[in-house]
Protein chains: 2
Amino acid sequence: MPRYNIVPNAVPRVDREGGVSPCAACPIREIAVCGALQSDELGALAEILDGIAVEAGSAIFYEGDPARHVFNVTTGAVRLSRLLPDGRRQITGFLFPGDFLGLAYDETYTYTAEPIERSALCRFPRASFETLLDGHPRMERRLLGLASNELATAQDQMVLLGRKTAREKLASFLITLSRRAERRGQGANPVHVPMTRTDIADYLGLTIETVSRTFTALRKAGLIEQLPDHAVRLTDSEDLLAIAGD
Amino acid sequence: MPRYNIVPNAVPRVDREGGVSPCAACPIREIAVCGALQSDELGALAEILDGIAVEAGSAIFYEGDPARHVFNVTTGAVRLSRLLPDGRRQITGFLFPGDFLGLAYDETYTYTAEPIERSALCRFPRASFETLLDGHPRMERRLLGLASNELATAQDQMVLLGRKTAREKLASFLITLSRRAERRGQGANPVHVPMTRTDIADYLGLTIETVSRTFTALRKAGLIEQLPDHAVRLTDSEDLLAIAGD
DNA sequence: CGATATCTTGAGGAATCTCAATACTAGTGG
DNA sequence: CCACTAGTATTGAGATTCCTCAAGATATCG
């Protein structure tokens, strides 16, 4: 049973025959791995790609599934998580448009990937993707850089989880979200926080109650404002940054 | 001021002229990135490599240093760590013979690398190493696999830091150490734990007192024995594994 | 507009931390 | 070879942060 639907038109396929790749018009290409390719190479990408659309509540893949594809998020937001046998969950990351997903040394995924809102992704069969890499060393190098980057981000998160207080964790989280939105060219200050308290808690190694109380504390301290529609204004980014600790 | 001494003979250089690479005799080559090269390609590796020796108490590089080299641990053990402005420390990993070190997307290292005991490493100038990768795609692919692996390990550690109890953290730690020793072909059961309580605490997101108390608790529960010389016998690996949670 | 999920707030409890004293270990010099 | 020292580890008692359990408030969606 498929975990999502393949939606051919999630990515425009026009002109594939004519030699113009849908990727050429992709708004996030430059910030994604695909940006490593020249325009005349994009056809090769489009040839192995399927556009998929996923709704919140479904899954892209589960921990333990055979790792048959790699993905690129084009719209929406995705959470990556792992479970302990008794159900405790740790979210290891949130992905946004442009982010790459599915690198696996193993033959199976080591984490679950689920959209937290309606999202679209480009899906590449892993084998074809690897063949593509063989012919495009620039792209492979980019992927390596990307992995290094993710590794550095993972280390940030370890510092957060192992050594920061609840207040520091939430401050870091909000600032990081804001920075990432900025890099994608979206509004960085009232920052959009699409995830639930449960997701934030499982990401920061806290309970939902502590997350809620800490939001209240930051608000009462005049550091943030909670706006409608899951938006948060960073009233005092400087202080917030000082609290976040790096 | 150099942070360590270059010790030409830390890696045997005999026969470089004669075309036989010191790497050919390297006992950890197969488990390291270098294993991706054929024997007739090893000369290229040796040409750009320096052997370095470092003592506990020194550093290989610090967070923020320009990332001019990449390394491979050949003997000993190395800790990677990051600091918060107020001095709180998080150790993000321990490296053992065969482990690769120094991947950096940035121009500077994002973490500090220090030996926790007398160690030897192969050091490669980053630029030369990247040039080498250009000519040896198999090695680059291996490096990518390695990075994926590290990413999965980092996720394990996030689960540990965010969602495990002190008892579970220590059990996981001991089992992981044991497994890694085994993969290197060393004794897996009385497992050698070369790091101090402080290092273990900073790795597991605990205090040294809690680490110490938890060691005592595991010992009293009959799960481990503490032997002389920083060795720990896993008396009941099965139960320990169940406690570790994955 | 009701139903359901999500979020907030409160009170009490538990795990871990802090501070402090003592014990152990390894290395050094007599 | 032993005594001394400095670093490292253990143990205890009390403090603190965060968690658990529970109730009420708010938001979301059909």
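The figures that follow rest on heavy atoms only: side chains count, while hydrogens, waters and symmetry mates do not. Chain A is the first sequence line, chain B the second, and so forth, proteins listed ahead of strands; every chain is numbered from 1.
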Roughly how many Å is it from [atom1] in [X] to [atom2] in [N], rounded to a whole number?
X: A:Arg88; N: D:dC19; atom1: CZ; atom2: P; value: 12 Å
X: A:Phe215; N: C:dT8; atom1: CZ; atom2: C1'; value: 12 Å
X: B:Ile200; N: D:dA9; atom1: CD1; atom2: C1'; value: 11 Å
X: A:Leu218; N: C:dT8; atom1: CG; atom2: C1'; value: 15 Å
X: B:Glu55; N: C:dG27; atom1: CD; atom2: C1'; value: 15 Å
X: A:Asp199; N: C:dA5; atom1: CG; atom2: P; value: 16 Å
X: B:Arg219; N: D:dA9; atom1: CZ; atom2: P; value: 14 Å

Which nucleotide in the list [options] gets nearest to the side chain of [X]?
X: B:Gln226; options: C:dT16, D:dT10, C:dC7; result: D:dT10
X: A:His230; options: D:dT28, D:dT10, C:dT16; result: D:dT28
X: A:Arg197; options: D:dT10, D:dC18, C:dT8; result: C:dT8

Can you confirm whether or not the ring centre of B:Tyr62 sits under 6.0 Å from the ring centre of B:Tyr111?
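No; B:Tyr111 has its ring centre 6.0 Å or more from that of B:Tyr62.
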
Can the ring centres of B:Phe71 and B:Phe124 be said to be less than 6.0 Å apart?
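No, the ring centres sit 6.0 Å or more apart.
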
Going by an N to O cut-off under 4.0 Å, is there a salt bridge joining [X] and [Y]?
X: A:Asp86; Y: B:Arg163; value: no
X: A:Asp156; Y: A:Lys164; value: no
X: B:Asp199; Y: B:Arg89; value: yes
X: B:Arg88; Y: A:Glu168; value: yes

Under 4.0 Å: is that the gap between some side-chain N or O of A:Thr216 and OP1 or OP2 of C:dT9?
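Yes, because at least one side-chain N or O of A:Thr216 sits under 4.0 Å from OP1 or OP2 of C:dT9.
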
Is B:Leu206 touching bases, backbone alone, or none of the nucleic acid, heavy atoms closer than 4.0 Å?
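B:Leu206: backbone/sugar contact only, no base atoms under 4.0 Å.
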
Over all strands shown, is B:Gly57 touching base, sugar-phosphate only, or nothing at heavy-atom distances under 4.0 angstrom?
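No contact at all - B:Gly57 keeps every heavy atom at 4.0 Å or more from the nucleic acid.
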
Would you list the protein and nucleotides 19-25 of chain C atom pairs, both N or O, that sit under 3.5 Å from each other?
unit_1, atom_1, unit_2, atom_2, d
C:dC19, N4, B:Glu209, OE2, 2.9

I'd like to know if the side chain of A:Ser119 and the backbone of A:Ala77 have a donor-acceptor N/O pair within less than 3.5 Å.
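Yes, A:Ser119 side chain to A:Ala77 backbone: donor-acceptor pair under 3.5 Å.
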
